[in-house]
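Before any comments, here is the structure.
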2 protein chains.
Amino acid sequence: MPTDEELRDDAAARLRAAGLRVTAPRVGVLVALERESHADADTVARHVRASLGAVSTQAVYDVLHALTEAGLLRRMEPAGSTARYETRVGDNHHHMICRRCGVIADVDCAGAAPCLAPAHTHGFVLDEAEVTFWGLCPDCQTANEEIA
Amino acid sequence: MPTDEELRDDAAARLRAAGLRVTAPRVGVLVALERESHADADTVARHVRASLGAVSTQAVYDVLHALTEAGLLRRMEPAGSTARYETRVGDNHHHMICRRCGVIADVDCAGAAPCLAPAHTHGFVLDEAEVTFWGLCPDCQTANEEIA
DNA sequence: ACGCTTTTCTGGAATGAGTCAAGTAAGCGT
DNA sequence: ACGCTTACTTGACTCATTCCAGAAAAGCGT
């Protein structure tokens with residue numbers, strides 16, 4: 001587990017590399033998402049406030065948008081949930097979501113090709129295949145058995 | 001192209017088969033979605049009102065939920081859009097969405113197995129693999145070329 | 001260190017999808 | 001046709017998110 005300082009330094013470096021100014025809220029958002037991936041805007045705001053003190057809601061939204069735009073964050077919007085963000089970008093990985101508790105786990109793309117080439121493209125030019133697996137996480141499986 | 005009456009009769013039959021009461025709003029919603037698949041709640045409401053007269057927004061939402069629950073409709077929520085519905089159920093087909101105009105096309109699942117079995121399941125028990133392809137539809141490709 | 005530029009703050013308001021609650025209407029089995 | 005049960009109506013309401021505008025603060029190249 002890296003220290004907060006290591007995470008902050010790394011976040012600052014990524015911001016600079018992307019040509020963005022290094023500001024406390026931006027670093028805070030990146031650190032928050034390293035600590036808790038797939039968090040929504042509200043959760044990110046709470047994390048950032050916990051470590052930085054007062055940060056406006058607008059600032060959080062601004063930062064999330066700016067960093068997503070710059071390619072430092074990836075935004076995902078699972079059905080039935082608000083927008084969520086993660087720092088793992090650049091590899092088109094997929095997600096596994098628990099139907100019961102909503103926890104999200106990353107999944108590496110199994111076989112690259114099959115998912116990217118549907119039988120009929122209807123003339124579409126595709127640039128991304130987004131895969132979401134739905135099911136029950138280990139905890140919720142046992143919880144369900146106890147009820148039954 | 002089937003007539004409205006054929007669509008209504010068919011919709012009523014499906015409702016009865018599912019053990020649901022046959023009401024005008026329900027039939028209207030099913031017909032609307034036969035005519036325009038992947039419509040959102042608001043679009044469905046407009047279609048239904050055009051053919052039935054006044055129908056409350058709440059009724060439309062209730063019907064969409066009830067029919068989804070009963071398995072007569074499938075609900076999808078693409079990123080950046082509101083919930084959309086379709087009458088094609090029972091075959092876990094996928095979707096292709098145009099980033100520019102938002103049009104949605106159905107896609108048969110290419111190779112059944114590969115998409116359903118990620119490398120690492122992290123202990124999850126999966127029941128569905130949802131695949132969304134993003135790209136440009138034929139119309140928007142030409143539109144983009146004209147701009148460039 | 002200075003000053004220009006970008007970012008953030010305050011805070012208020014609007015939007016739009018969707019939900020809750022309680023009363024009214026309608027389907028359908030008998 | 002009756003009446004029970006389910007569905008629909010009405011209207012207020014929540015919630016995430018966006019927009020707005022001006023003022024204050026902070027980053028960073030020189």
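So you know, we letter chains A, B, ... as the sequences are listed, proteins then strands, and number each from 1.
Arg99(A) contributes no side-chain N or O that, together with a main-chain N or O of Leu136(A), makes up a donor-acceptor pair within less than 3.5 Å. A donor-acceptor pair under 3.5 Å is absent between the side-chain atoms of Asn92(B) and the main chain of Glu128(B), judged by distance alone.
Taking the six-membered ring for Trp and thresholds of 30 and 60 degrees, His65(A) and Tyr61(A) have ring planes inclined between 30 and 60 degrees apart.
Residues satisfying the side chain to side chain contact (heavy atoms under 4.5 Å, CB included) test with Val103(A), not counting sequence neighbours, are Cys98(A), Cys101(A), Cys137(A), Phe124(B). When the side chain to side chain contact (heavy atoms under 4.5 Å, CB included) test is applied to Arg21(B), the partners found at least two apart in sequence or on another chain are Thr23(B), Arg26(B). In this structure, the side chain to side chain contact (heavy atoms under 4.5 Å, CB included) partners of Ala83(A), at least two apart in sequence or on a different chain, are Arg75(A), Glu77(A), Tyr85(A). Contacts of Thr43(B) classified as side chain to side chain contact (heavy atoms under 4.5 Å, CB included), with partners at least two apart in sequence or in another chain: Glu36(B), Ala39(B), Asp40(B), Arg46(B), His47(B). Applying the side chain to side chain donor-acceptor pair (under 3.5 Å) test to Arg16(A) and every residue at least two apart in sequence or in another chain returns nothing.
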task: List the steps and the verdict of salt bridge (Lys or Arg N to Asp or Glu O under 4.0 Å) for Arg100(A) and Asp127(B).
output: CA-CA 13 Å; Arg100(A) 196 160 166 282; Asp127(B) 60 72; over 6 Å; no
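If you chain together hydrophobic residues whose side chains sit under 4.5 Å apart, Ile104(B) and Phe133(B) never meet in one group.
Sorted by first then second residue, the salt bridge (charged side-chain N to carboxylate O under 4.0 Å, His left out) pairs that include residues 62-74 of chain A, not counting sequence neighbours, are Arg74(A)-Glu86(A). Residue pairs meeting the ring pair (Phe, Tyr, Trp, His ring centres under 6.0 Å) criterion with at least one member in residues 8-36 of chain B: none, sequence neighbours excluded.
With a cutoff of under 4.0 Å to any heavy atom of chain B, the contacted region of DNA chain D is bounded 5' to 3' by dT5(D) to dG11(D).
For His65(B) and dG18(C), the shortest distance from a side-chain N or O to OP1 or OP2 is not below 4.0 Å.
Sorted by residue number, the members of residues 16-25 of chain B with any non-hydrogen atom under 4.0 Å from DNA chain D read Arg21(B), Thr23(B), Pro25(B). Taken residue by residue, residues 68-80 of chain A places no heavy atom nearer than 4.0 Å to DNA chain D.
Between the CG atom of Leu64(B) and the P atom of dT19(C) there is a distance of 10 Å, given to the nearest Å. Put simply, CG on Asp62(B) is 18 Å from P on dT24(C), counting in whole angstrom units.
Considering only heavy atoms from C-beta on, Val31(B) stays 4.5 Å or farther from Ser51(B) through its side chain.
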Could you list, one pair per line, each protein nitrogen or oxygen that sits under 3.5 Å from a nitrogen or oxygen of nucleotides 12-16 of chain C, together with the distance?
from, atom 1, to, atom 2, distance (Å)
dG12(C), O6, Gln58(A), NE2, 3.1

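Overall bending of the helix from dA1(C)-dT30(D) to dT30(C)-dA1(D), expressed as the angle between end axes built from five pairs apiece, is 50° (10° steps).
Side-chain polar atoms of Asp106(B) and His122(A) form no donor-acceptor pair below 3.5 angstrom.
Projected onto DNA chain D by closest heavy-atom contact, Arg26(B) and Thr57(B) fall at different nucleotides, the more 5' of which corresponds to Arg26(B).
Contact annotation for Ala83(A): backbone-only contact, meaning every heavy-atom pair under 4.0 Å involves sugar-phosphate atoms and none involves a base.
Among Leu20(B), Val89(B), Leu33(B), the one residue that satisfies the side chain to side chain contact (heavy atoms under 4.5 Å, CB included) test with Leu67(B) is Leu20(B).
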